[in-house]
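Written below as structure tokens is the structure these notes are about.
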There are 2 protein chains.
Amino acid sequence: MELDERKLKILQAIIRTYLETGEPVGSRTISKYTDLNLSSATIRNEMSDLEELGYILQPHTSAGRIPSDKGYRLYVDTMLDAKDSEIQNLRDELEEKTGKIDDVLQKVARVLAANTNYATLVSGPRYQSKHVKFIQVTEVDEKNLLVVIVLDNNVVKNQMIRIDEPVEQETIVKLNFMLNTTLNGLDVLEMNLAVIQKLKEQFDSHTRVIDSILEIIGKTLIDEDDLEIYTSGATNILKYPELSDKAKAAQILDAFEEKRIFHNWLGLPEKGRTDESHDIQVYIGDETNMDSMKDCSMVTATYRVQEGVYGKIGIVGPKRMDYDKVVGTLNSLMSQLDDIFKDKN
Amino acid sequence: MELDERKLKILQAIIRTYLETGEPVGSRTISKYTDLNLSSATIRNEMSDLEELGYILQPHTSAGRIPSDKGYRLYVDTMLDAKDSEIQNLRDELEEKTGKIDDVLQKVARVLAANTNYATLVSGPRYQSKHVKFIQVTEVDEKNLLVVIVLDNNVVKNQMIRIDEPVEQETIVKLNFMLNTTLNGLDVLEMNLAVIQKLKEQFDSHTRVIDSILEIIGKTLIDEDDLEIYTSGATNILKYPELSDKAKAAQILDAFEEKRIFHNWLGLPEKGRTDESHDIQVYIGDETNMDSMKDCSMVTATYRVQEGVYGKIGIVGPKRMDYDKVVGTLNSLMSQLDDIFKDKN
DNA sequence: TGTTAGCACTCATTCGGGTGGAGTGCTAAT
DNA sequence: ATTAGCACTCCACCCGAATGAGTGCTAACA
């Protein structure tokens, strides 16, 4: 059996209708809905075929059909028109850019959630490789040294170090010089034992301080944890009856609270259709690879702050989410985000 | 009519039973439950009185009684035994103190939620007054200056400033000296125009830089927003049928997502019974002053990191939450937290 | 006078049967 | 190949009866 033109049209009609109503759709509805002018009986036959092909399924005999994951997949891959999104200019709402990128991202999540009525998440930008650009150790008072590290992506990290005995000013100056000359531009991998040994030798009287500093640098460079994820509108999922039974809702909401679960999301493989411009991906059900999301779909996009620095945006909703609108909205948003980040650099 | 001994006992029995079952409790149940050996009829009479006094209410005729807010209040104020909490040593779980206070607090929230089956929130420590202890401006590269500010509570803030033209090393040294001598120890209120004017005069060629720095300092000192609130176990509320209908649940969960709502919580007045040791407060229903919490109760405690630096811990659950256990758990936790923070200083 | 047994009454919940409607699959006619 | 018609299935809903927990009241009792 083949998926001919007509079957496609019917499948599309089924999915469209189901997206709207959230209820199983029957042959009569489709028979009226389409421009095919077919009787419900014919539709029934076709539906029977579509079911056999795995694109739709019946919750129980004598109920209408609902799209299967395979059906959604086909729909997303081949049937979305890239129609203009009717979303208003998000930019206005983002315009008061406080300069802090995390505020912007949190706001993006919020705006997106408000606009789509789905749950959203936005990951902070990830830097592909981090190098030390600048290190500075300063004495704050007799008991505290402050270590400031600037990475080549202009991210600044700092940490206090407690010291037992005061360190002379001169030593600090020397230390700074040494640190900057030896470590500058180095990746964490390149800070091998030889380099470290060399440093320690020079300051054998302050090994504890050096140790602390190296530890901080290490942490800073490999820190995976501090990858922020901003979320918004998690409770939107309660709006969709098929997700709002207690067990399912708790599972999904937990995921949004315990954002850690989404960390692996950042590494999800590309799946099916890739939107030319903004890397928009759709994951349906199990494709998300997250058990808690198995009843959801997720649309993601990637934004770039600058070359090699990117983050992701995700929208989570029921499988019957309005893919068309979401993709449109994301496209529009991404363009605007690009602009905003461009302005910044 | 007076609240005599017997009425109290009956009220207590009603509340205890209701806390367990979550369902209206009838006269017969109480008649069996108590050691009073009274018939259900007598209990009924007493209940009728208690209702008239406002301590309990009937959801509808011919249902049992449930405690009113006033009833809970009385219960919490006078009937809690300070029995030892059976909670295991939380400290073990917190022991791997990563040194970062926010990690510790997030963990506290998590442990607490797991132990109580309620939703928890923990506010980051708040500093009563902030003064500048140390400022440093450094040139990171030709286009960027880095401003590092250390407050007297050892909180470090930093921000980059873009500059159009390079600033000579000498100027920076001078600038640092000036900033530290003029601003050191000052509160934001004390940085009046005179001080600012003086600074600007000295560096009239770099007013833009000075402006940026002052702006950053200002923001740092009055920053209210960066008061972090950590939450955990929000979805626990779905476990309680009386809270898990869609509208209510969404409202409460929203509050936990949009943590901002809890900001005013930090300023809630003391209410009723104050636990001697750890400032444990119970807010019932509207007492929380948050509309979204009107069907919940909230137990809060205050922890102190050091003199004048404190934060709050809150537990949110249904009104029929197990106050006894929660207060016990909090007490135990607070002692352990105190120790942990003591170690740190 | 406080306590209790008994009784009539209320009201939420539950359960089963009946009904309507939506939908299907099959068959026969076009 | 399409369609009309029909029998059949099954969910959803409504209704009414039964259930049962609980109350308030009254009258009797110690």
Side-chain angles (χ1 to χ4, degrees), chain A residues 1-11 13-18 20-68 71 241-242 245, chain B residues 1-11 13-18 20-68 71 241-242 245:
Chain A
M1 191 172 3
E2 270 305 293
L3 243 198
D4 58 15
E5 182 72 17
R6 198 171 71 177
K7 283 191 174 48
L8 267 178
K9 269 201 169 170
I10 292 174
L11 178 57
I14 293 173
I15 296 184
R16 286 259 167 80
T17 317
Y18 183 69
E20 271 175 41
T21 66
E23 264 150 36
V25 9
S27 52
R28 244 192 111 230
T29 317
I30 299 302
S31 134
K32 279 181 287 182
Y33 182 99
T34 47
D35 46 351
L36 291 169
N37 275 348
L38 293 175
S39 80
S40 60
T42 315
I43 304 288
R44 276 204 287 287
N45 291 330
E46 296 288 43
M47 278 173 137
S48 171
D49 291 353
L50 282 171
E51 183 163 8
E52 199 175 327
L53 288 167
Y55 291 106
I56 55 182
L57 28 93
Q58 245 178 324
H60 52 82
T61 1
S62 95
R65 309 302 218 282
I66 62 174
S68 68
E242 66 266 47
D245 94 52
Chain B
M1 189 168 10
E2 271 303 294
L3 243 199
D4 58 16
E5 183 73 17
R6 199 173 70 177
K7 283 192 175 47
L8 267 178
K9 270 201 169 172
I10 292 174
L11 178 56
I14 294 173
I15 296 184
R16 287 259 166 79
T17 317
Y18 183 69
E20 272 176 41
T21 65
E23 263 151 36
V25 11
S27 53
R28 251 197 102 226
T29 317
I30 299 302
S31 136
K32 280 180 289 182
Y33 182 100
T34 48
D35 46 353
L36 291 169
N37 275 348
L38 292 174
S39 81
S40 60
T42 314
I43 303 289
R44 276 205 287 287
N45 290 330
E46 296 288 42
M47 279 173 135
S48 172
D49 291 354
L50 283 171
E51 181 162 9
E52 199 176 326
L53 288 167
Y55 292 106
I56 53 182
L57 29 93
Q58 247 178 322
H60 52 83
T61 359
S62 94
R65 309 300 219 282
I66 62 175
S68 68
E242 67 267 47
D245 94 51

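Lettering follows sequence order; numbering is per chain, from 1.
In this structure B:Lys9 satisfies the salt bridge (charged side-chain N to carboxylate O under 4.0 Å, His left out) test with no other residue, sequence neighbours excluded. Residues meeting the salt bridge (charged side-chain N to carboxylate O under 4.0 Å, His left out) test with B:Glu20, sequence neighbours left out: none. Partners of A:Arg6 by side chain to side chain contact (heavy atoms under 4.5 Å, CB included), not counting sequence neighbours, listed by chain and number: A:Asp4, A:Ile10, A:Leu36, A:Leu38, A:Thr42, A:Glu46. Shown here are the side chain to side chain contact (heavy atoms under 4.5 Å, CB included) partners of B:Glu23, two or more places apart in sequence or in another chain: B:Thr21.
A salt bridge (charged side-chain N to carboxylate O under 4.0 Å, His left out) check over residues 24-41 of chain B, counting only residues at least two apart or in different chains, returns nothing.
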Dump the pairs, protein N or O against N or O of nucleotides 20-30 of chain D, anything under 3.5 Å, distances to one decimal.
residue	atom	partner	partner atom	Å
D:dG22	OP1	B:Gly26	N	3.4
D:dT23	OP1	B:Arg65	NH1	3.1
D:dT23	OP2	B:Ser27	N	3.1
D:dT23	OP2	B:Ser27	OG	2.5
D:dG24	OP1	B:Arg65	NH2	3.2
D:dG24	N7	B:Arg44	NE	3.1
D:dG24	O6	B:Arg44	NH2	3.1

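Protein atom CG of B:Asp4 is 9 Å distant from nucleotide atom P of C:dT3, rounded to whole Å. The OH atom of A:Tyr18 sits 19 Å away from the P atom of C:dA22 (whole-angstrom rounding). Taking atom CZ on A:Arg6 and atom C1' on D:dT3, their separation rounds to 12 Å, with Å as the unit. Atom CD of A:Glu46 is separated from atom P of D:dA1 by 11 Å (rounded to the nearest Å). Atom CG in B:Leu36 sits roughly 15 Å away from atom C1' in C:dT4 (whole-Å rounding).
Using a 4.0 Å cut-off, no side-chain N or O of B:Thr42 falls inside it from OP1 or OP2 of C:dT3. In this structure, B:Ser39 does not reach the C:dT3 phosphate: none of its side-chain N or O atoms is under 4.0 Å from OP1 or OP2.
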For the pair B:Leu3 and B:Leu50, evaluate side-chain contact (heavy atoms from CB on, under 4.5 Å) and give the outcome as yes or no after the intermediate values. CA-CA 8 Å; B:Leu3 243 199; B:Leu50 283 171; 3.8 Å; yes
